Amino acid sequence: MNSAPARHVLILGGTTEARRLAEELADTPGLRVTSSLAGRVAAPRLPVGQVRIGGFGGTEGMARWLREHQVDALIDATHPFADTISSHAAGAAADVHVPLLALRRPGWVPGPGDRWHSAGSLAEAARLLPDLGERIFLTTGRMGMAAFAHLTGQWFLVRSVDAPEPPVPPRMEVILDRGPFTLEGEAELLRRHRVEVLVTKDSGAHATAPKLAAARAAALPVVVVRRPPAPQGVPVAETPAEAVTWLRTTLA
């Protein structure tokens with residue numbers, strides 16, 4: 001008697017939550033898991049199991065991949081600011097009639113003593129900086145540096161996993177590093193470089209949150225770029241455990 005074919009789950013990954021989800025699903029009987037990475041990081045942390053690296057070619061390309069590889073469920077566990085791939089995933093899943101879940105870790109919430117300034121985009125964050133300070137700790141990643149390239153009155157300390165590409169601010173020092181970071185280390189970084197303003201995206205996650213606590217302790221203003229919402233109509237889970245529950249219900 002032939003057994004039923006394994007159900008195929010595609011995880012759009014690159015985040016800690018995506019790797020944890022792949023680990024939790026790795027030994028599930030009757031389930032085949034593929035993790036997809038965009039390939040923008042030179043040496044990514046690979047999840048367990050089958051991995052593909054590279055883009056799909058937009059919504060149509062992803063829909064074609066879903067059909068050809070007989071995907072039964074799609075989980076978008078990309079970075080909260082990867083709105084382009086999330087939009088492609090929503091369109092592809094709708095075209096192929098594959099159930100889709102967005103896995104999004106909770107965003108950060110300001111607490112007592114925080115001096116947060118909300119911005120709707122990197123361009124808006126750049127417009128706020130001249131009124132806030134001259135020495136900027138920029139932790140928004142290497143993509144999107146062009147939004148700050150015109151600022152000649154500010155000095156930037158830029159931290160990213162890979163080196164940023166032009167256009168970049170003319171006065172800039174780059175630190176290549178990857179979290180998790182510690183409160184002590186972040187506080188020392190702020191002191192050593194005489195940082196006056198922190199700029200970050202609301203990416204959530206505990207690994208990079210210590211910079212917010214260090215800025216709070218130093219009474220520094222923080223420009224927080226708001227994350228885009230998940231595509232309309234797509235259910236959202238906040239943890240890998242919630243995603244596993246959704247998947248079991250969906251594939252039952």
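These numbers come from the heavy atoms of this one structure, side chains and all, not from hydrogens, waters or symmetry mates. Everything numeric here is computed off the predicted structure, so don't read it as measured data.
Thr182 has its side chain out of reach of Pro210: every pair of non-hydrogen atoms, C-beta onward, lies at least 4.5 Å apart. Between Ser118 and Val224, the closest side-chain pair of non-hydrogen atoms is not below 4.5 Å. Residues His193 and Ile175 are in side-chain contact: their nearest non-hydrogen atoms beyond the backbone lie under 4.5 Å apart. Contact annotation: the side chain of Leu31 approaches that of Leu247 to within less than 4.5 Å [non-hydrogen atoms, C-beta and beyond]. Residues Thr139 and Phe181 have side chains not in contact (no heavy-atom distance under 4.5 Å, counting atoms from C-beta outward). Residues Phe148 and Val158 fail the side-chain proximity criterion, which asks for heavy atoms closer than 4.5 Å. With contacts defined as side-chain heavy-atom distances shorter than 4.5 Å, the pair Ser160/Met143 does not qualify. Using a 4.5 Å heavy-atom threshold, the side chains of Val236 and Glu242 count as separate.
When all heavy atoms are compared, the tightest approach of Pro169 to Met145 is CD-CE, 3.7 Å. Thr59 and Ser87 get closest at one heavy-atom pair: OG1-O, 4.5 Å. Listed here is the closest heavy atom pair of Arg142 and Glu165: NH1-OE2, 4.1 Å. Closest heavy-atom contact between Ala92 and Ala63: CB-N, 3.6 Å. Annotation for Leu10 and Ser36: closest pair CD1-CB, 4.0 Å, computed over non-hydrogen atoms. Here the closest non-hydrogen pair linking Thr152 and Pro170 is CG2-CG, 4.1 Å.
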> Stepwise, does the side chain to side chain contact (heavy atoms under 4.5 Å, CB included) test hold for Val168 with Phe156?
Replying inline: CA-CA 10 Å; Val168 297; Phe156 289 86; over 6 Å; no

>> Could you walk me through whether Met62 and Asp95 satisfy the side chain to side chain contact (heavy atoms under 4.5 Å, CB included) test, starting with their C-alpha distance in whole Å, then the side-chain angles of each, then the deciding distance to 0.1 Å, before giving a yes or no?
In response: CA-CA 10 Å; Met62 187 181 297; Asp95 288 347; over 6 Å; no

>> Could you walk me through whether Leu128 and Val197 satisfy the side chain to side chain contact (heavy atoms under 4.5 Å, CB included) test, starting with their C-alpha distance in whole Å, then the side-chain angles of each, then the deciding distance to 0.1 Å, before giving a yes or no?
In response: CA-CA 10 Å; Leu128 295 175; Val197 187; over 6 Å; no

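Linking Ile, Leu, Val, Met, Phe, Trp and Tyr whenever their side-chain heavy atoms come within less than 4.5 Å leaves Val174 and Val161 in two separate clusters. Phe56 is not connected to Leu37 by any chain of hydrophobic side-chain contacts under 4.5 Å among Ile, Leu, Val, Met, Phe, Trp and Tyr, and they are in different clusters. Following chains of ILVMFWY side-chain contacts shorter than 4.5 Å, one cannot reach Leu189 starting from Val223, and the two form parts of different hydrophobic clusters. Residues Trp246 and Leu12 do not share a hydrophobic cluster, defined by chaining ILVMFWY side chains whose heavy atoms lie under 4.5 Å apart. Using a 4.5 Å cut-off between side-chain heavy atoms of Ile, Leu, Val, Met, Phe, Trp and Tyr, with links allowed through other members, Val98 and Leu100 fall into the same hydrophobic cluster.
Note: Leu74 CG to Thr34 OG1 = 11.0 Å, rounded to the nearest 0.5 Å. Leu132 CG to Leu198 CG: the interatomic distance, rounded to the nearest 0.5 Å, is 11.0 Å. Atom CZ of Arg7 and atom CG of Leu251 lie 5.0 Å apart (nearest 0.5 Å). The line from CG of Leu103 to CD of Glu238 is 9.5 Å long, rounded to the nearest 0.5 Å. Once rounded to the nearest 0.5 Å, the distance linking CD of Glu134 with CZ of Arg194 reads 10.5 Å. To the nearest 0.5 Å, the span separating CG on Leu220 from CD on Glu196 amounts to 8.5 Å.
Other residues, nucleotides and ligands place more than 12 heavy atoms under 6.0 Å from the CD atom of Gln50. No more than 12 heavy-atom neighbours from other residues, nucleotides or ligands sit within 6.0 angstrom of CD on Gln70. The neighbour count for His150 NE2, taken as heavy atoms of other residues, nucleotides or ligands under 6.0 Å away, is above 12.
A salt bridge links Asp114 to Arg216: one of the charged nitrogens lies within less than 4.0 Å of a carboxylate oxygen. Under the 4.0 Å criterion applied to side-chain N and carboxylate O atoms, Arg20 and Glu23 are not assigned as salt-bridge partners. Taking the charged nitrogens against the carboxylate oxygens, Asp83 and Arg227 have no contact shorter than 4.0 Å, which rules out a salt bridge. Salt-bridge formation is detected for the pair Arg159/Glu186: a Lys NZ or Arg NE/NH1/NH2 atom is positioned less than 4.0 Å from an Asp or Glu carboxylate oxygen.
Under the 30°/60° scheme for interplanar angles, the aromatic rings of Trp65 and His8 are found to be tilted. Taking the six-membered ring where the residue is Trp, Phe81 and His79 present tilted rings, their angle falling between 30° and 60°.
Remark: the backbone N or O of His117 is not paired with any side-chain donor or acceptor of Arg115 at under 3.5 angstrom. For the pair Arg127 (side chain) and Pro130 (backbone), a donor-acceptor distance under 3.5 Å is absent.
Side-chain contact annotation: Arg248 with Thr245, donor-acceptor N/O pair under 3.5 Å absent.
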